[in-house]
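The block underneath contains the structure these notes are about, expressed in C-alpha cells.
Hydrogens, waters and symmetry mates play no part in the numbers below; they use all other heavy atoms, side chains included. Numbering of residues begins at 1 and proceeds along the displayed sequence.
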Amino acid sequence: MRGMAFLILALAASAAGATHEPWATIRFPQDEDKGWWDADWWERGRMPVAANHAVRTRTASYRSGDVEVPVEIFTPGKFPVVVFLHGRRGLDELTRLVPLRLAARGFTVVAPDLYSGRFIESMPVRHDAALEDDAALAIDFALSLPEARGQAKTCVVSHTRGGYYSLKALVSKGRQAKTACYVSYYPHWQHPEAPEAMQVYQYAPEVDELQVPVLVFLGEHEQYQRVRPILSGIDSLKKKKRDARVIVYPGVGRGFDFRPPEVRTLADDMAAQDSLLRAAAFIRAHLGYK
C-alpha cells in the first residue's frame, strides 16, 4: 500500500510543471496504451491481495411507506453486512461496480436503488426528502438479513449525494445507534438545494452531530465546490475529538472509483484500489471483524 501511495505521488509530481487542461482531459503515455488495465479487477473486483471472494448477487426489496424500494445484494457468502448508498447518478452499470468490489473484499453489501422505487430519473437536481427515510430503512433492512445474524451494527458506504443521504439517515433519522462507521467518497455534505454560498463555504449542520467513526476519500482535482465543506467538516469533527479522517489522492478528480474506461487513468485506478483496501480495513476494524 505504501508503494501504491508513492507511485500516485510520483505521477502527480511528474506533471507538476506541465500546463494543465481540465483534469478529465489530461492524458499521460500510460493512459494512452493502458498497459496497466486489469479486466479481472474492473469487472469482478479481484485484486492482488489475499481476500478475493467470488460475488453472487440477488435482488430483494423493502417497504418505505407506500413505496417498494428495490435492492441488489452482493454477497460472497456468510460475511458481515454493510450498506452502500449511491449518489446522484443512481445505481447503474458503473456505480454498481463499487458495491461489487467491496463485496469481493469479504462483505455482504446491500445496495438499494433509491431512485427507481420513486420513479426518479438519474441525475436529479432537486432533493426529495423522502429518500432520507428510504436510506434509513436500508440500514434496518440490512440488519434483518440472514447474513447479519448476530450483527448489532452495520457500516454505511456512499459516494456523492449518497453521502448526504447517509448523513441524514444517521443523524436526522436516528440510525447512528445501528451504525458502526461511515465511509464516503467525495460526499455532498450540504443540502443539495442550499444557496451557492452555503454549497461552497459551509457544511450541513448534521455533520457536527456525527458520533460514529468517519472516513472520507477525495481527489485532489475535485472539480466541484465540495472540497472546503468536506475539509472543514472533518476538521470540526476532529476538534470535537471524534474519530474522523480524510484522504486526498493526488492527480485525480471526482469519480475515480467508477470513471469509465475511455477516460480512466492509472492514477484513477490506483486511487480506487488503495481507497477500497483502506475502506475494507476501516470497516472490519469497526465491526470487530478480522
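In this structure, the side chains of Val71 and Val110 come closer than 4.5 Å at one or more pairs of heavy atoms. Counting heavy atoms from C-beta outward, Ile247 and Val216 have side chains that stay 4.5 Å or more apart. Side chains of Trp189 and Arg226 form no contact here, defined as non-hydrogen atoms less than 4.5 Å apart. Counting only heavy atoms from C-beta outward, the side chains of Glu132 and His127 approach each other to under 4.5 Å. No side-chain heavy atom of Pro229 sits under 4.5 Å from any side-chain heavy atom of Tyr201. Side chains of Thr160 and Arg89 form no contact here, defined as non-hydrogen atoms less than 4.5 Å apart.
Under the 6.0 Å distance and 45° angle rule, Arg101 counts as a cation-pi partner of Trp41.
A side-chain donor from one of Ser236 and Tyr203 sits under 3.5 Å from a side-chain acceptor of the other. Glu68 and Ser61 form a side-chain donor-acceptor contact under 3.5 Å, judged by distance and modelled atom types alone. A side-chain donor-acceptor contact under 3.5 Å links His188 and Gln199. For the residue pair Asp133/Ser64, the side-chain donor-acceptor check at 3.5 Å is not satisfied. No side-chain N or O of Tyr62 forms a donor-acceptor pair with one of Asp140 less than 3.5 Å apart. A side-chain donor-acceptor contact under 3.5 Å links Asp257 and Tyr186. Side chains of Asn52 and Arg105: a donor-acceptor N/O pair is present below 3.5 angstrom, by distance only.
At least one donor-acceptor pair closer than 3.5 Å links the side chain of Thr75 to the backbone N or O of Gly77.
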Evaluate side chain to side chain contact (heavy atoms under 4.5 Å, CB included) for Leu218 paired with Tyr249, printing each intermediate quantity in order. CA-CA 6 Å; Leu218 181 68; Tyr249 289 101; over 6 Å; no
Could you go through Val252 and His221, starting from their C-alpha distance and side-chain angles, then the distance that decides it, and tell me whether this counts as side chain to side chain contact (heavy atoms under 4.5 Å, CB included)? CA-CA 6 Å; Val252 301; His221 300 306; over 6 Å; no
Side chain to side chain contact (heavy atoms under 4.5 Å, CB included) assessment of Ile283 paired with Val157: CA-CA 9 Å; Ile283 294 169; Val157 182; 3.7 Å; yes
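Residues passing the salt bridge (charged side-chain N to carboxylate O under 4.0 Å, His left out) test with Asp235, sequence neighbours excluded: Lys239. In this view, Arg88 satisfies the side-chain hydrogen bond (donor to acceptor under 3.5 Å, both in side chains) rule with no residue, not counting sequence neighbours. With sequence neighbours left out, the ring-ring contact (aromatic ring centres under 6.0 Å, His included) criterion links Tyr115 to His86.
A distance of 6.0 Å or more separates the ring centres of Phe217 and His159.
The aromatic rings of Phe79 and Tyr289 stand perpendicular to each other, their planes meeting at an angle above 60°, with 30° marking the opposite boundary.
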